[in-house]
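Residue numbers run from 1 in the order of the sequence given. Both counts, for ligands and for their atoms, begin at 1 and track the order of listing.
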Amino acid sequence: MLKIIETNSPEETWKLGYRLGEAAAGGQVICLNGDLGVGKTVFTQGFAAGLGIGEPVNSPTFTILQIYEEGRLPLYHFDVYRIGDVEEMDEIGYEDYFFGGGVCLIEWASLIEELLPEQVIRITMEKDMEKAFDYRRITIDGYDF
Ligand code: ADP
Ligand code: MG
């Protein structure tokens with residue numbers, strides 16, 4: 001099933017993330033794709049809050065994976081934007097996270113497409129400058145909520 005959600009502010013995208021974080025189940029792998037600055041991290045911040053994570057969530061420049069364990073479920077936040085080679089994923093032992101009991105959120109997941117499990121939730125975010133500067137079209141594939 002494909003679901004399309006339109007947001008018009010960062011707060012709306014944050015709230016969408018929050019809702020999905022509240023509903024999240026262990027084992028989910030959520031792939032976030034879309035250009036730089038589209039709102040993947042804003043979504044992730046809402047998602048983390050929805051899981052009950054209080055500490056600040058960012059996309060660290062030189063870290064592929066950040067782990068947050070204080071919420072209802074462990075959150076494994078990947079940002080693979082700067083990955084040079086998929087072997088870097090092996091080095092961090094990604095399979096333990098993809099196939100573990102927590103939730104994975106992967107910014108720029110398309111860059112590691114060959115490593116993704118068969119069953120993932122795909123979230124694609126797009127701008128449309130003809131609509132508005134803060135408009136985002138968010139397409140969710142593979143998730144019923
Ligand atoms: P990404 O992680 O995709 O590179 P970020 O989440 O870091 O992007 O940044 C998104 C930027 O776009 C933020 O500055 C945010 O305030 C802004 N923004 C404007 N409108 C929206 C919207 N509707 N949803 C999400 N972010 C938005
Ligand atoms: Mg980001």
For atom 16 (O) of ligand 1, find the nearest protein heavy atom and state the residue, atom name and distance (0.1 Å precision).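 The answer is Pro10 CG, 3.4 Å.
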
Do Leu111 and Phe98 belong to the same hydrophobic cluster, where Ile, Leu, Val, Met, Phe, Trp and Tyr are linked whenever their side-chain heavy atoms lie under 4.5 Å apart, directly or via other members?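 Yes, same cluster.
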
For Phe99, does the CZ atom sit with more than 12 other heavy atoms under 6.0 Å from it, leaving out its own atoms?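 Counting neighbours around CZ of Phe99, more than 12 heavy atoms of other residues, nucleotides or ligands fall under 6.0 Å, so yes.
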
Could you check whether atom CD of Gln119 has more than 12 heavy atoms from other residues, nucleotides or ligands sitting under 6.0 Å from it?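 No, CD of Gln119 has 12 or fewer neighbouring heavy atoms, counting only those of other groups under 6.0 Å.
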
Backbone or side-chain N or O of Ser59 under 3.5 Å from ligand 1 N or O: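 It does not: no N or O of Ser59 is found under 3.5 Å from an N or O of ligand 1.
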
Which protein N, O or S atoms does the Mg ion (ligand 2) have within a distance shorter than 2.8 Å?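 Near the Mg ion (ligand 2), below 2.8 Å, one finds Thr41 OG1, Glu107 OE1.
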
With a 4.5 Å cut-off on side-chain heavy atoms, are Ile64 and Tyr94 touching?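 A side-chain contact under 4.5 Å is absent here.
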
Can you sort out which atoms of ligand 1 are near Thr13, meaning under 4.0 Å from one of its heavy atoms?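 Going through ligand 1 atom by atom, the ones under 4.0 Å from Thr13 are 22 (C), 23 (N), 24 (N), 25 (C).
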
I need the nearest protein heavy-atom contact for atom 27 (C) of ligand 1: residue, atom name and distance, please.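 The closest one turns out to be Arg136 NH2, 3.5 Å.
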
With a 4.0 Å cut-off on heavy atoms, is Gly37 in contact with ligand 1?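 Gly37 counts as a contact of ligand 1 under the 4.0 Å cut-off.
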
Distance filter under 4.0 Å to Asp134 heavy atoms, resulting ligand 1 atoms: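 Selected atoms, number and element: 19 (C), 20 (N), 21 (C), 22 (C), 23 (N).
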
Give me the atom names and distance for the closest heavy-atom approach of Cys104 to Tyr97.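 Scanning both residues, the minimum pair turns out to be SG-O, 3.2 Å.
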
Is it true that Glu6 and Tyr135 share a donor-acceptor pair across their side chains at a distance under 3.5 Å?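 Glu6 and Tyr135 do have a side-chain donor-acceptor pair below 3.5 Å.
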
Is it the case that the ring center of Tyr68 lies less than 6.0 angstrom away from the ring center of Phe47?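 Distance test on ring centres: not under 6.0 Å, no.
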
Determine whether the side chain, the backbone, both or neither of Ser9 has a heavy atom under 4.0 Å from any heavy atom of ligand 1.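 Just the backbone.
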
Checking a contact table here: which protein heavy atom is nearest atom 7 (O) of ligand 1, and how many Å away?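 I find the closest protein heavy atom is Thr41 CB, 3.6 Å.
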
What I want to find out is whether Lys127 reaches Asp35 closely enough, with some N-O distance under 4.0 Å, to be called a salt bridge.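 Salt bridge: no.
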
Does Met1 share a hydrophobic cluster with Val29, counting links as ILVMFWY side-chain heavy atoms below 4.5 Å and allowing steps through other members?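 Not linked; separate clusters.
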
Under a 4.0 Å heavy-atom limit, does Val38 contact ligand 1 with its side chain, its backbone, both, or neither?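 Both backbone and side chain of Val38 come within 4.0 Å of ligand 1.
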
Test item, Asp35 contacting ligand 1 (heavy atom, 4.0 angstrom):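 The answer is yes: ligand 1 sits under 4.0 Å from a heavy atom of Asp35.
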
Nearest-contact summary for atom 13 (C) of ligand 1 - protein heavy atom, Å: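 Checked against all protein heavy atoms, atom 13 (C) of ligand 1 sits closest to Val42 CG2, 4.3 Å.
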
Distance-only, no hydrogens or angles: does the Glu113 side chain make a donor-acceptor pair with backbone N or O of Ala109 under 3.5 Å?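 Flag not set: sc Glu113 to bb Ala109 has no pair under 3.5 Å.
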
Within a distance under 4.0 Å of any heavy atom of Leu36, pick out the atoms of ligand 1 and give their elements.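 Result: 4 (O).
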
Between Thr124 and Thr139, does any side-chain donor sit less than 3.5 Å from a side-chain acceptor?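 Looking only at side-chain atoms, Thr139 and Thr124 do not form any donor-acceptor pair under 3.5 Å.
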
Would you say the side-chain atoms of Asn33 and Ser110 include a donor-acceptor pair closer than 3.5 Å?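 Result is yes, a qualifying pair exists.
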
Are a donor atom and an acceptor atom from the side chains of Ser59 and Asp79 found within less than 3.5 Å of each other?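 Side chains of Ser59 and Asp79: pair found under 3.5 Å.
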
Do me a favour and list the nearest non-hydrogen protein atom to atom 8 (O) of ligand 1 with residue, atom name and distance?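 Checking every protein heavy atom, the shortest distance to atom 8 (O) of ligand 1 gives Gly39 N, 3.2 Å.
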
Report, in ascending order of atom number, the atoms of ligand 1 lying under 4.0 Å from any heavy atom of Glu107.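 Near Glu107, meaning under 4.0 Å from one of its heavy atoms, ligand 1 has 2 (O).
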
